[in-house]
Amino acid sequence: MLFSVAVLALPILAQSVYGATCNRKYTIQEGDICDSISVAKNVSTYQLSAINTATIDSSCSNLVPGNTICLGYAGEDCSTTYRVVADDTCDHIAANHGLNTTILYLNNPQINDECTNIYVGEVLCVSNTVQVPPQPSGTLPGAVIPTTAAPANPTATASADDDDIPFCDEL
């Protein structure tokens, strides 16, 4: 029985990973960066990277004007997005969109467990169901933070070393 379920599921998985139908496309313009495309076209930074691993490098530094990229696969296309702003946290984002954090993390697998790596301008999927494509093998798409990016919540990344803060040792 288990074998027959696996045999039946294999073509579906193969289509999802290798032959998915692109239902939204975009032609790269001069000056585009991944986050600007994500904001303008309602596609998460992760999804844009995951779908285009053969076209876009991990730092999104190789966009070529005139090239066409896929924005979403049929059945795996999150177009309910949110642009991260200063002082955001995963709990705050999830609560403001009526989500639990599990769904937020499943739709945005590039976010680390502590939610310390989201950055201002990053575009997240905030759908209440899992809608993003599965993570491709290799480097996690969307995990490389742009060098010019500002952390959304700088206090979340503060060091545990409090020796230079007055009175902390007395608390």
Side-chain angles (χ1 to χ4, degrees), residues 11-90 92-94 96-97 99 103-154 156-157:
I12 294 168
L13 178 62
Q15 179 184 4
S16 172
V17 174
Y18 297 106
T21 303
C22 182
N23 64 341
R24 293 194 295 150
K25 295 180 181 181
Y26 176 74
T27 301
I28 300 168
Q29 305 299 309
E30 189 69 41
D32 275 344
I33 61 172
C34 286
D35 289 330
S36 69
I37 296 168
S38 293
V39 168
K41 298 300 177 183
N42 290 325
V43 58
S44 73
T45 302
Y46 165 79
Q47 180 173 304
L48 183 66
S49 299
I51 290 173
N52 295 288
T53 56
T55 308
I56 300 174
D57 65 18
S58 63
S59 62
C60 192
S61 61
N62 66 333
L63 295 178
V64 178
N67 282 0
T68 300
I69 55 175
C70 183
L71 300 178
Y73 292 149
E76 297 174 340
D77 184 7
C78 180
S79 59
T80 306
T81 59
Y82 172 74
R83 183 177 178 266
V84 176
V85 298
D87 298 322
D88 269 343
T89 65
C90 288
H92 175 94
I93 294 166
N96 283 347
H97 291 91
L99 309 173
I103 292 293
L104 181 68
Y105 281 97
L106 287 171
N107 274 322
N108 301 281
Q110 80 283 7
I111 299 174
N112 65 23
D113 290 341
E114 298 80 30
C115 190
T116 57
N117 66 332
I118 61 172
Y119 60 90
V120 174
E122 182 175 14
V123 180
L124 303 178
C125 174
V126 290
S127 173
N128 61 4
T129 60
V130 177
Q131 293 188 347
V132 297
Q135 177 181 332
S137 62
T139 303
L140 180 63
V144 175
I145 299 172
T147 56
T148 58
N153 192 350
T157 59

> Would you say the side chains of Glu76 and Gln47 form a donor-acceptor pair under 3.5 Å?
Replying inline: no
> Quick one: which of Cys70, Cys60, Ser38 gives a side chain to side chain contact (heavy atoms under 4.5 Å, CB included) with Leu48?
Replying inline: Ser38
> Under 3.5 Å, is there a donor-acceptor pair between the Tyr26 and Asp32 side chains?
Replying inline: yes
> Can you tell me how far CG of Leu124 sits from OG1 of Thr80, rounded to the nearest 0.5 angstrom?
Replying inline: 12.5 Å
> Mind checking what makes salt bridge (charged side-chain N to carboxylate O under 4.0 Å, His left out) contact with Asp88, not counting sequence neighbours?
Replying inline: none
> Does the side chain of Asp35 come under 3.5 Å of the side chain of Thr45 through a donor N or O and an acceptor N or O?
Replying inline: yes
>> With rounding to the nearest 0.5 angstrom, report the CD1 to CD1 distance, Ile28 to Ile69.
In response: 4.5 Å
> So do the side chains of Cys125 and Tyr46 get within less than 4.5 Å of each other, counting heavy atoms only?
Replying inline: no
>> So, taking the atom named OH in Tyr73 and the one named CD in Gln131, what distance separates them when rounded to the nearest 0.5 Å?
In response: 16.0 Å
> Does the side chain of Val43 come within less than 4.5 Å of Arg24's, by heavy atoms?
Replying inline: yes
> Who passes side chain to side chain contact (heavy atoms under 4.5 Å, CB included) against Thr81, sequence neighbours left out?
Replying inline: Asn42, Val123
>> Are the side chains of Thr129 and Ile103 in contact, using a 4.5 Å heavy-atom criterion?
In response: no
>> Could you work out, with salt bridge (charged side-chain N to carboxylate O under 4.0 Å, His left out) as the rule, every residue matching Arg83, not counting sequence neighbours?
In response: none
